[in-house]
Amino acid sequence: MKKIISVVGARPNFMKVAPLHKAFQKYNGTVKHLICHTGQHYDEKMSKVFFDELELPKPDFYLGVGSGSHAEQTAKVMIEFEKVLLQEKPDLVIVVGDVNSTIACSLVAAKLNIRTAHVEAGLRSFDRRMPEEINRLLTDSISDFLFVTEQSGLDNLKHEGVADEKVFLTGNVMIDSLVSYMPKAQKSCILDDYKLTKDNFILVTLHRPSNVDDKDDLRKLIHLLNTLAERRKLMFPIHPRTRNNMISFGLQDTLSSNVILTDPIGYIDFLALTMNAELIVTDSGGIQEESTFLGVQCITVRNNTERPVTVTVGTNQLIGTDLAKVEETALRVLDGHKKQGSIPHLWDGHAAERIAQILLQKL
Ligand code: UD1
């Protein structure tokens with residue numbers, strides 16, 4: 001019996017590990033798949049609701065690390081995760097995505113000579129001021145198995161000298177979750193709850209430190225949202241980082257009453273919003289991919305993306321942080337100038353099954 005521990009830490013990890021957990025259930029008797037939650041995200045609405053909705057079991061290990069500076073958070077995860085690995089001695093650790101828990105746990109495993117798989121490997125923004133870029137580079141450089149979502153990931157890893165036999169193009173596990181929960185999302189009441197109609201509202205998410213940690217930048221972003229909200233209903237589920245900054249900068253009263261400001265929204269309801277939006281304005285990584293899969297218009301308020309296939313193949317437009325350009329592009333989309341897109345190779349709902357199959361052959 002092989003023992004595998006998958007790590008989740010922050011909100012975007014849960015929908016990536018859920019399909020892997022399901023895929024390993026099919027090998028019951030051969031594999032024991034355990035889940036370790038580092039506690040990087042801990043609020044009910046940033047964590048527990050995802051476990052419930054994605055039908056994930058209660059984590060086998062909860063490290064409870066919470067928030068802190070990058071060094072504090074990463075170090076706390078490492079100290080606690082090392083205890084888990086020393087006790088459990090798994091055959092493999094799986095880490096997903098690019099959050100602090102991803103690098104912290106892969107580093108601990110590598111030092112204990114435990115093999116590590118990185119799911120969503122090879123993505124590069126080429127912007128080392130992004131904490132996620134550092135996490136991606138370091139995690140890939142010490143992982144034994146690298147599972148890639150798009151061709152750019154293969155190219156980047158080859159360029160960095162990673163041996164071909166470690167790298168597998170398997171598709172996108174986050175899209176596996178999306179495919180399996182779309183029927184539930186179709187039954188969500190969230191549109192009615194907020195009096196929204198299909199293809200007639202804008203969905204906004206903003207949480208990147210580069211957009212929301214500076215008072216002046218955040219003030220300008222709020223101004224942009226107020227302008228867009230004059231044209232369409234605008235739904236803005238706010239990330240705790242953004243909310244905390246709005247309050248500490250004294251900007252909480254500057255949002256127009258046309259903007260529907262809500263707490264973070266659970267997986268199924270958020271998927272319902274994504275599926276039905278006319279336009280999404282975001283700085284998230286995952287939402288660029290979800291909107292591409294769904295063929296929904298997406299404007300990314302960043303100067304780079306580690307997910308270029310969403311631009312070359314999908315409906316994503318990488319506009320940058322010049323908000324006049326963002327406004328102009330958004331208004332063009334609302335006037336009917338839509339970007340056509342298609343679904344990237346292997347984003348078909350079966351990535352986790354491919355990963356499980358490869359890992360079981362290799363272990
Ligand atoms: C983290 C990830 C980022 C990911 C994002 C998704 C890193 C470096 N960043 O950023 O890649 O896109 O998650 O959400 O790992 N907070 C709460 N409740 C929570 C969690 C956080 O209130 O449950 C607040 C705290 O004030 C905390 C702040 O949000 O200080 C930021 O949280 P943190 O986990 O440090 O980074 P994120 O911005 O969430």
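This is a predicted model, so every value here is computed, not measured. As the structure lists them, so they are numbered: ligands from 1, and atoms in each ligand from 1. For this chain, numbers begin at 1 and follow the sequence in order. What you see below is based on every heavy atom in this structure, not just the backbone, and it leaves out hydrogens, waters and symmetry mates.
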Exercise. Which of the numbered atoms in ligand 1 are below 4.0 angstrom from a heavy atom of P240?
Worked result: 16 (N), 17 (C), 18 (N), 22 (O), 24 (C), 29 (O)
Seminar exercise, completed: Short version for E132: what comes under 4.0 Å of ligand 1, heavy atoms counted, is side chain
For this session: Measure from the side-chain N and O atoms of T38 to the backbone N and O of S101, and report whether any donor-acceptor pair falls under 3.5 Å.
Result: no
For this session: Kindly assign one of parallel, tilted or perpendicular to the pair H33 and H21, based on the angle between their ring planes and the thresholds 30° and 60°.
Result: tilted
Exercise. What is the ring orientation for H207 with H239, classed by angle as parallel under 30°, tilted 30 to 60°, or perpendicular over 60°?
Worked result: parallel
Problem set entry | Per-atom contacts, ligand 1 versus H207 - under 4.0 Å to a heavy atom | 4 (C), 5 (C), 6 (C), 12 (O)
Exercise. Where's the contact between M46 and ligand 1, heavy-atom distance under 4.0 Å: side chain, backbone, both or neither?
Worked result: side chain
Problem set entry | Other residues, nucleotides, ligands: >12 heavy atoms within 6.0 Å of K339 NZ | yes
For this session: Identify, by atom number and element, the atoms of ligand 1 in contact range of H70, meaning under 4.0 Å from any of its heavy atoms.
Result: 8 (C)
Exercise. Out of N100, T102, N245, whose heavy atom is nearest to atom 8 (C) of ligand 1?
Worked result: N100
Exercise. Ligand 1 versus P12, non-hydrogen atoms closer than 4.0 Å: side chain, backbone, both, neither?
Worked result: side chain
For this session: Look at atom 15 (O) of ligand 1 and find which of Q40, R11, H239 reaches it with the closest heavy atom.
Result: Q40
Exercise. Quick one: nearest non-hydrogen protein atom to atom 31 (C) of ligand 1, plus distance?
Worked result: R241 NH2, 3.9 Å
